[in-house]
Structure formats: C-alpha cells, structure tokens
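Structure first, then comments.
All values below come from the heavy atoms of this structure, side chains included, with hydrogens, waters and symmetry mates left out.
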Amino acid sequence: MMGPMRLWWLPGAALIAFGVMIAVFPELLALMVASAFFVIGFGWLTFGWSMHRLEQRSRTTRQVYYYERQPW
C-alpha cells in the first residue's frame, strides 16, 4: 500500500502524544489555547480591516449616472 493509507495510525498517535505532553506539561495546554485565541483574533481583525477598506474604497469610487429621457 502506498500513499495516505499507509499512515492510518498517524492522527491517533499524534492525539495520544499531545495528550501525554499536556499531562506532563500542563502549561502546554495554556499555550495552545492562547495561541488559538491569538490566531482567531488576528484573523478576525484582518477580516474586519479588509472589509472596512473594501467599504471605504467602494464609497469613494461610487459613481452615479443620470439618464435623461428624450422627449421623442
């Protein structure tokens, strides 16, 4: 067997390794949670900033067209 079927045991072994590391080093859990909060917060700020810039750009480049109806 080649490819991903060969490493069927890797996700389970990684979870067990993380569990053992957290049991031995409890501060590791705090670091993992803190890094997750940091990544989520940074992503939220980046998304909000990009939406703010997009809204400002569309506000400054908005054009209004007036069509005059011809009397004929």
When hydrophobic residues are tied together by side-chain contacts of less than 4.5 Å, even through go-betweens, does [X] share a cluster with [Y]?
X: V24; Y: L28; value: yes
X: F37; Y: I22; value: yes
X: W44; Y: F42; value: no
X: V20; Y: M32; value: yes
X: V33; Y: F25; value: yes

**Message:** Holding to side chain to side chain donor-acceptor pair (under 3.5 Å), I want the full list of residues that pass it with Q56, two or more places apart in sequence or in another chain.
**Reply:**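 Once residues adjacent in sequence are excluded, the partners of Q56 under the side chain to side chain donor-acceptor pair (under 3.5 Å) criterion are H52.
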
**Prompt:** Nearest 0.5 Å, what's the CD-OG distance between E55 and S50?
**Reply:** 12.0 Å

